[in-house]
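Working notes for the structure below.
In what follows, chains carry the letters A, B, and so on, assigned in the order in which the sequence lines appear, proteins first and then strands, with residues in each chain numbered from 1. What you are looking at is a predicted structure, and each value in this text was computed from that prediction instead of being measured.
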Number of protein chains: 2
Amino acid sequence: MTVIFSKKCEYGIQAVLYLAANLDGEIIPADEIARKLNIPKEFVSKILQNLTESGLVYSKKGKSGGFALAKKPSKIRLIDIVAAIDGLDIFNSCVLGFQHCSPDHPCPVHHNWGILRTNAYNMLTEETLDKFREKTLRKVRNI
Amino acid sequence: MTVIFSKKCEYGIQAVLYLAANLDGEIIPADEIARKLNIPKEFVSKILQNLTESGLVYSKKGKSGGFALAKKPSKIRLIDIVAAIDGLDIFNSCVLGFQHCSPDHPCPVHHNWGILRTNAYNMLTEETLDKFREKTLRKVRNI
DNA sequence: TCCTAATCAGATTTTTTTGTCTGATTAAAT
DNA sequence: ATTTAATCAGACAAAAAAATCTGATTAGGA
């Protein structure tokens with residue numbers, strides 16, 4: 001199966017978007033996120049743990065605990081989430097898997113793919129969570 | 001780990017490019033392909049089996065057997081290989097994994113990602129194996 | 001203050017992907 | 001024609017990813 005982001009990363013982005021849609025930094029339990037987004041409960045919990053270690057998310061243990069963003073939505077870019085979960089190898093390694101692919105010894109699609117890759121990177125870097133608030137709200141309510 | 005193509009697909013494309021680099025339809029054993037491309041021998045053999053079932057590759061059993069392209073290089077597009085191994089889901093499903101993503105209820109990055117995806121699809125569709133012959137030869141010899 | 005219920009967090013299991021091994025097949029040499 | 005050596009092909013095993021289970025933690029009510 002071809003894939004852009006791992007399931008972990010997909011779920012992670014979804015969950016963080018959900019947190020961002022609740023402006024005032026409200027603490028939200030993993031259980032609610034899991035239900036609203038149709039993600040296995042303990043899986044989303046684990047992913048948010050990872051993001052907590054990365055400093056993107058804040059977690060509170062115990063009763064009435066949960067997760068919230070650790071920064072303002074305008075300070076979190078989509079690329080930050082991808083970097084924390086999947087890493088940025090995809091933007092540095094050869095799409096065909098050639099081990100010694102470089103500008104000097106390019107693979108057949110090196111140039112064309114490079115352009116696509118740069119566009120993707122720029123898109124993920126330009127987009128911060130605050131830009132998505134309304135879109136995310138609409139999307140989540142329609143699931 | 002974020003990934004575009006599965007290892008299987010990466011290896012598959014590499015192997016088919018290698019076959020295409022041998023113009024006259026010469027039959028090449030999996031062993032040689034594996035050595036030249038640094039791919040596990042039996043794995044590349046299995047992948048080429050799959051491609052044989054898909055009609056892209058021809059296989060010959062027994063001593064002095066091996067694999068060759070089943071069609072002229074100009075008739076095989078990169079997208080055909082991707083479709084045969086990984087399928088084309090990546091070009092139809094939501095990049096963030098939202099189950100009900102559509103133009104009516106788009107995910108936050110729906111539009112932007114749609115453009116990138118279309119570009120990628122077009123690139124893989126326009127590129128046929130014959131265009132890569134010299135590039136592949138250079139690449140393989142430098143590995 | 002203690003107990004309970006709800007939560008996060010780490011360990012475990014299942015599934016998928018990747019890689020390896022053994023056997024069936026075939027062409028060529030004897 | 002028989003044997004042999006090299007190959008493809010399908011069954012098997014290991015590693016990685018995804019999902020689940022159990023235990024540690026904490027706030028709030030009795």
Output the rounded distance in Å from [atom1] ([X]) to [atom2] ([N]).
X	N	atom1	atom2	value
Tyr58(A)	dT7(C)	OH	P	15 Å
Ile39(A)	dT20(D)	CD1	P	12 Å
Phe5(B)	dT18(C)	CZ	P	13 Å
Asp31(B)	dC8(D)	CG	C1'	12 Å
Asn50(A)	dA18(D)	CG	C1'	13 Å
Ile33(B)	dT7(D)	CD1	P	11 Å
Glu32(B)	dC8(D)	CD	P	11 Å
Lys41(A)	dT22(D)	NZ	P	13 Å

N/O to N/O distances under 3.5 Å, protein versus nucleotides 10-16 of chain C:
none

Quiz item: What's the verdict on side chain to side chain contact (heavy atoms under 4.5 Å, CB included) for Lys139(A) and Phe132(A), showing C-alpha distance, side-chain angles and the deciding distance?
Solution: CA-CA 10 Å; Lys139(A) 183 83 205 108; Phe132(A) 294 136; over 6 Å; no
Self-check item: Shortest non-hydrogen contact from Phe98(B) toward Gln14(A)
Solution: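 Nearest heavy atoms, Phe98(B) then Gln14(A): N-NE2, 3.4 Å.
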Self-check item: Short side-chain to backbone donor-acceptor contact, Asn92(A) and Asp89(A), under 3.5 Å
Solution: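 No, because the side chain of Asn92(A) does not come within donor-acceptor range (under 3.5 Å) of the backbone of Asp89(A).
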Self-check item: salt bridge (Lys or Arg N to Asp or Glu O under 4.0 Å) contacts in which one or both residues fall within residues 5-19 of chain B, not counting sequence neighbours
Solution: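 Non-adjacent pairs meeting salt bridge (Lys or Arg N to Asp or Glu O under 4.0 Å): Lys7(B)-Glu10(B).
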Could you list the donor-acceptor pairs under 3.5 angstrom formed by side chains in residues 106-115 of chain A, with sequence neighbours left out?
from	atom 1	to	atom 2	distance (Å)
Asn112(A)	ND2	Glu127(B)	OE2	3.0

Practice problem: Check every atom of dA9(D), dG19(C), dA19(D) against the side chain of Pro40(B) and return the nucleotide holding the closest atom. | Solution: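 Nearest to the side chain of Pro40(B) among the choices is dG19(C).
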Exercise. Measure from the side-chain heavy atoms of Ser59(A) and tell me the nearest of dA9(C), dT18(C), dA19(D).
Key: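 Nearest listed nucleotide: dA9(C).
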Exercise. Using a 4.0 Å heavy-atom cut-off across all strands, classify Tyr11(B) as base, sugar-phosphate, or nothing.
Key: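 The answer is sugar-phosphate, as Tyr11(B) gets under 4.0 Å only of primed atoms, P, OP1 or OP2.
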Exercise. Determine whether the side chains of Ser102(B) and Asp104(B) contain a donor N or O and an acceptor N or O closer than 3.5 Å.
Key: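 Looking only at side-chain atoms, Asp104(B) and Ser102(B) do not form any donor-acceptor pair under 3.5 Å.
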Quiz item: In chain order, what residues pass the ring-ring contact (aromatic ring centres under 6.0 Å, His included) check against Phe43(A), with sequence neighbours excluded?
Solution: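 Result, ring-ring contact (aromatic ring centres under 6.0 Å, His included) vs Phe43(A): Tyr11(A).
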Please output the side-chain donor-acceptor pairs of residues 46-67 of chain A that fall under 3.5 Å, not counting sequence neighbours, one pair per line with the distance.
from	atom 1	to	atom 2	distance (Å)
Thr52(A)	OG1	Leu48(A)	O	2.7
Ser54(A)	OG	Asn50(A)	O	3.1

Quiz item: Once you round to the nearest 0.5 Å, how far does OG1 of Thr128(B) lie from NZ of Lys71(B)?
Solution: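 Nearest 0.5 Å value for the OG1-NZ distance: 12.0 Å.
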Pairs under 3.5 Å (N/O, protein and nucleotides 25-29 of chain D):
from	atom 1	to	atom 2	distance (Å)
dT26(D)	O2	Lys63(A)	N	3.1
dA27(D)	O4'	Lys63(A)	O	3.3

